[in-house]
Amino acid sequence: MAAKTKFRGSFTALVTPFKNGSLDEAAFRSLVNWQISEGTNGLVPVGTTGESPTLSHDEHKKVVEWCIAEAKGRVPVIAGAGSNSTKEAIELSQHAEKAGADAVLIVTPYYNKPTQEGMYQHFKAINDAIGIPIIIYNIPPRSVIDMSVDTMKRLWELKNIAGVKDATASMVRVSQQRAAMGEDFNQLSGEDATIIGYMAHGGHGCISVTSNVAPRLCSEFHAAWQKGDTKSALAIHDKLMPLHNNLFIESNPAPIKYAMSLLGKLDETLRLPMVPVSEPTRVAVRSAMVHAGLIN
């Protein structure tokens, strides 16, 4: 029997704050508490938005531990644990399980460009090594490869495969995945801008970048949707749409870190090769925050 998760609503793909070249533990723990107090439904540390490629393994593990310790079981934690090395992904996943994560988020292996069979074997090896649910992270724009629905269906037969973070931006894929795996396959969007369409096609929630800076609005959107109040959900979506767009003018997470610095939540520090956003992007992000009512 495959693992079942019922993750619903707004899950924040957390940024990782830095200060003087090191992890900023105080800022990170403060973010976790702020997110929960604002109504965020779940937390996802050390994914793409968390700059996982530039964290050492020790730093990666610390961030996962801090998130779980600070959340104190108030909301679920889906720990980023992916790698393009299966051995590394297993190590990070086993650590996340031991630390108390509710699930792990495993990205399709980037750069190596495995076949569909290679992806199946990668996820099967991780599945066989742990005892908590796995959310497949399918993000072709970053990993170059696209996991097929047929491969997901094969993986769904394994005990720990529970769902997908779908960053294909394809509305068709949501329905195809529902048809292949059924309603119990936990479908979470990885694309803020298409979330209303994603939910209409049968999605369950979103692992969101925007919710780093607008956690309450993102949570309220999902609460309205789940109540069937599509008019209110659309009004909130319209409010957030400029942010959904402008936070991706330059590569994530540079724009979201600038946005959060405007709220005084963290320093706008990134690790190379990520750099702070350009002036035109700053103007666009600030304008979107004003539109959303986050700043004056």
Side-chain angles (χ1 to χ4, degrees), residues 1-5 7 11 13 44 46-50 52-53 55 57 60 64 78-98 101-191 194 198 201-205 207:
M1 175 65 75
K4 299 291 191 294
T5 52
F7 299 138
F11 279 60
V44 185
V46 284
T48 306
T49 309
S52 56
L55 298 188
H57 282 197
H60 183 117
V64 170
I78 307 174
S83 173
N84 61 343
S85 159
T86 306
K87 183 179 178 182
E88 287 183 6
I90 288 171
E91 181 195 346
L92 293 172
S93 298
Q94 289 175 332
H95 169 266
E97 179 177 19
K98 187 177 179 183
D102 296 278
V104 288
L105 180 69
I106 305 292
V107 69
T108 49
Y110 41 89
Y111 190 73
N112 332 41
K113 293 179 72 175
T115 61
Q116 294 296 316
E117 181 61 25
M119 279 189 273
Y120 175 82
Q121 295 297 338
H122 175 80
F123 279 88
K124 183 179 184 302
I126 301 164
N127 169 86
D128 293 348
I130 62 172
I132 59 174
I134 296 168
I135 304 296
I136 300 162
Y137 184 8
N138 193 29
I139 181 166
R142 284 199 185 244
S143 66
V144 185
I145 51 173
D146 183 1
M147 184 182 285
S148 70
V149 177
D150 286 343
T151 300
M152 274 188 206
K153 187 174 182 181
R154 286 181 69 199
L155 286 169
W156 176 232
E157 296 169 4
L158 304 178
K159 66 183 175 71
N160 292 317
I161 302 297
V164 65
K165 176 186 177 183
D166 185 337
T168 63
S170 168
M171 297 302 97
V172 175
R173 194 67 66 89
V174 194
S175 295
Q176 290 172 334
Q177 288 162 182
R178 283 184 81 232
M181 276 80 75
E183 177 63 25
D184 286 338
F185 188 67
N186 202 167
Q187 296 205 65
L188 303 169
S189 172
E191 290 284 342
T194 59
Y198 192 91
H201 277 259
H204 300 120
I207 296 179

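Of the inter-residue distances, the one linking I139 atom CD1 with T48 atom OG1 reads 5.0 Å to the nearest 0.5 angstrom. In this structure, the separation between OG1 on T151 and NZ on K153 is 12.0 Å, given to the nearest 0.5 Å. Between atom OG1 of residue T108 and atom CD of residue Q116 there is a gap of 9.5 Å, rounded to the nearest 0.5 Å. Rounded to the nearest 0.5 Å, atoms NZ (K124) and NZ (K159) are 10.0 Å apart. Interatomic distance, CD1 of I90 versus CG of D128, reported as 8.5 Å (0.5 Å rounding). Interatomic distance, S93 OG to K98 NZ, rounded to the nearest 0.5 Å: 14.5 Å.
Using a 3.5 Å distance cut-off with no hydrogens or angles, the side chains of T168 and D166 do pair a donor with an acceptor.
When side chains are defined from C-beta on, K165 does not count as touching I78, because their heavy atoms never get closer than 4.5 Å. Side-chain contact between L155 and Y120 is present, with at least one heavy-atom pair separated by less than 4.5 Å. In this structure the side chain of I207 never reaches within 4.5 angstrom of the side chain of Y137, judged on heavy atoms. Between I106 and H122 the shortest side-chain heavy-atom distance falls below 4.5 Å. In this structure the side chain of D184 reaches within 4.5 angstrom of the side chain of W156, judged on heavy atoms. R154 is listed as a side-chain neighbour of E117, based on a closest heavy-atom distance under 4.5 Å. Side-chain contact between M181 and I161 is absent, with no heavy atoms from C-beta onward closer than 4.5 Å. Within the 4.5 Å cutoff, the side chain of M147 has no heavy atoms near those of the V164 side chain.
With hydrogens and angles ignored, the 3.5 Å screen pairs no side-chain donor or acceptor of D146 with any backbone N or O of P140. Without hydrogens or angle criteria, N186 side chain to A162 main chain gives no donor-acceptor distance under 3.5 Å. With hydrogens and angles ignored, the 3.5 Å screen pairs no side-chain donor or acceptor of Q187 with any backbone N or O of G202. Between the side chain of S143 and the backbone N or O of P109 there is no donor-acceptor pair closer than 3.5 Å. Looking only at distances, a side-chain donor or acceptor of N84 sits under 3.5 Å from a matching main-chain atom of Y110.
When every heavy atom of G50 is checked against every heavy atom of L55, the shortest pair comes out as O-CD1, 4.0 Å. The minimum heavy-atom distance between A96 and A79, with the atom names listed, is CB-CB, 3.8 Å. Taking both residues in full, the closest heavy atoms of M119 and P114 are given as CG-CG, 3.9 Å, listed atom of the first, atom of the second, then distance. Smallest separation of non-hydrogen atoms from V174 and G203: CG1-N, 3.9 Å. In terms of heavy atoms, V149 sits closest to A180 at CG1-CB, 3.6 Å. In this structure, G82 and L92 approach most closely via the heavy-atom pair O-CD1, 4.1 Å.
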*List the steps and the verdict of side chain to side chain donor-acceptor pair (under 3.5 Å) for H201 and Q176.*
CA-CA 10 Å; H201 277 259; Q176 290 172 334; over 6 Å; no
*asked:* Using side chain to side chain contact (heavy atoms under 4.5 Å, CB included), reason through E183 and H204 one step at a time and then give a plain yes or no.
replied: CA-CA 9 Å; E183 177 63 25; H204 300 120; 2.8 Å; yes
*asked:* Please evaluate residues R142 and V107 with respect to the criterion side chain to side chain contact (heavy atoms under 4.5 Å, CB included), reporting the C-alpha separation (whole Å), side-chain torsions for both, the decisive distance (0.1 Å), and the verdict.
replied: CA-CA 10 Å; R142 284 199 185 244; V107 69; over 6 Å; no
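The residue from E88, H60, E91 that alone fulfils the side-chain hydrogen bond (donor to acceptor under 3.5 Å, both in side chains) condition with S83 is E88.
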